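Below is one structure; the comments refer to it alone.
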Amino acid sequence: AQSVTQLGSHVSVSEGALVLLRCNYSSSVPPYLFWYVQYPNQGLQLLLKYTSAATLVKGINGFEAEFKKSETSFHLTKPSAHMSDAAEYFCAVSLSGGGADGLTFGKGTHLIIQP
Amino acid sequence: GAGVSQSPRYKVAKRGQDVALRCDPISGHVSLFWYQQALGQGPEFLTYFQNEAQLDKSGLPSDRFFAERPEGSVSTLKIQRTQQEDSAVYLCASSLETGEMSNQPQHFGDGTRLSIL
């Protein structure tokens, strides 16, 4: 069984500040991990994914995440927040790279950017 | 279009009515997934197709939920005798999944927002 825990349902940062969204996972096998972003009334857009090739994964829009097996974590970061980053962010885990089984999502973190 | 298309975008139905939600995946995508997203929650897996075969339906909450993909492209999620707790956004995703490219990510549609009165 797999599960994902996202700490903090809401995170507020100032424009230009560091963004840190936390994700911890539980998986009985080496996991594939994903971060998705969801804007209001839209579907989910893939930011980045971890597939064991490298522990530091770079994604779109300046986001990156680091896989830490010892901490069972996959936190999402961005050095400098932009107003357009305000959205809901979901961490997800699967047994495959995403094409052969369903994703298990966390409950999401709402990112608020203050001007 | 190039993305996953879902229709209708919004659906309002009275309790007890049947509804059908449609998903057009990205052309050529083998895998298709349905998720249910309740308000303020993350999406929850409902069912998975590989071409026309429904390989996993473990997430369907009751026998009132039924999904099909008869020709391996368009899929329909049907909910019979709807209840208020069925109110949610239903998301469809597709993936180009083959033997050597099984790490292809899922691409999501914008969802259908279902409201049961």
Side-chain angles (χ1 to χ4, degrees), chain A residues 1-10 21-25 29-54 57 59-60 65 76 87-110, chain B residues 1 3-7 9-10 23-26 28-51 53-60 67 89-113:
Chain A
Q2 310 156 87
S3 66
V4 171
T5 301
Q6 292 185 241
L7 295 177
S9 60
H10 291 77
L21 304 183
R22 300 178 185 274
C23 172
N24 288 87
Y25 70 90
V29 298
Y32 291 83
L33 295 160
F34 307 80
W35 275 100
Y36 280 86
V37 61
Q38 186 176 36
Y39 297 98
N41 297 318
Q42 294 186 21
L44 283 74
Q45 180 183 4
L46 180 68
L47 282 176
L48 49 82
K49 65 176 183 177
Y50 166 75
T51 58
S52 77
V57 182
I60 62 172
L76 181 72
E88 193 80 18
Y89 290 80
F90 294 96
C91 182
V93 62
S94 77
L95 296 176
S96 75
D101 69 308
L103 296 167
T104 299
F105 286 89
K107 293 188 175 184
T109 297
H110 185 61
Chain B
V4 177
S5 178
Q6 293 187 244
S7 60
R9 286 296 317 276
Y10 303 91
C23 173
D24 281 86
I26 294 173
H29 277 198
V30 170
S31 299
L32 185 145
F33 304 82
W34 284 99
Y35 294 85
Q36 180 190 59
Q37 185 177 20
L39 186 65
Q41 300 295 316
E44 292 192 357
F45 170 77
L46 293 178
T47 187
Y48 158 55
F49 290 85
Q50 186 178 90
N51 294 306
Q54 190 175 18
L55 299 187
D56 186 350
K57 53 182 181 179
S58 62
L60 296 177
V89 174
Y90 291 84
L91 295 166
C92 177
S94 70
S95 172
L96 179 64
E97 191 266 348
T98 68
E100 68 270 22
M101 291 193 288
S102 62
N103 66 344
Q104 291 298 306
Q106 296 180 24
H107 300 266
F108 284 79
D110 287 342
T112 293
R113 182 176 298 275

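A quick note: this is a predicted structure, and the numbers were derived from the prediction, not measured. In what follows, chains carry the letters A, B, and so on, assigned in the order in which the sequence lines appear, proteins first and then strands, with residues in each chain numbered from 1. Note that these values count all heavy atoms, side chains included, but never hydrogens, waters or copies made by symmetry.
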Task: Passing candidate, side chain to side chain contact (heavy atoms under 4.5 Å, CB included) with A:Leu103, options B:Phe33, B:Phe45, B:Tyr35 - done: B:Tyr35
Task: Euclidean distance, A:Gln42 CD relative to B:Leu91 CG, rounded to 0.5 Å - done: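 Going from CG on B:Leu91 over to CD on A:Gln42, the span is 11.5 Å.
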Task: Distance in Å, A:Leu46 CG paired with B:Gln106 CD, rounded so as to fall on 0.5 Å steps - done: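 Between atom CG of A:Leu46 and atom CD of B:Gln106 there are 10.0 Å.
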TODO: Please look at B:Phe49 and chain A and tell me whether the side chain, the backbone, both or neither of the residue comes under 4.5 angstrom of a heavy atom of that chain.
DONE: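 No part of it gets close to chain A.
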Task: More than 12 heavy atoms of other groups within 6.0 Å of B:Gln54 CD - done: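 Enclosed.
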TODO: Tell me, yes or no, whether the heavy-atom count around B:Leu39 atom CG, taken from other residues, nucleotides or ligands under 6.0 Å, exceeds 12.
DONE: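 No, not enclosed.
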Let me know if [X] has heavy atoms under 4.5 Å from chain B in its side chain, its backbone, both or neither.
{"X": "A:Leu44", "result": "both"}
{"X": "A:Tyr36", "result": "side chain"}
{"X": "A:Glu88", "result": "neither"}

Task: B:Arg113 side chain to A:Asn41 backbone, donor-acceptor under 3.5 Å - done: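 It does not hold such a pair.
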Open item on the list: Quick check: closest heavy atoms across A:Phe90 and B:Gln37, and the distance to 0.1 Å?
Closed with: CZ-NE2, 3.4 Å
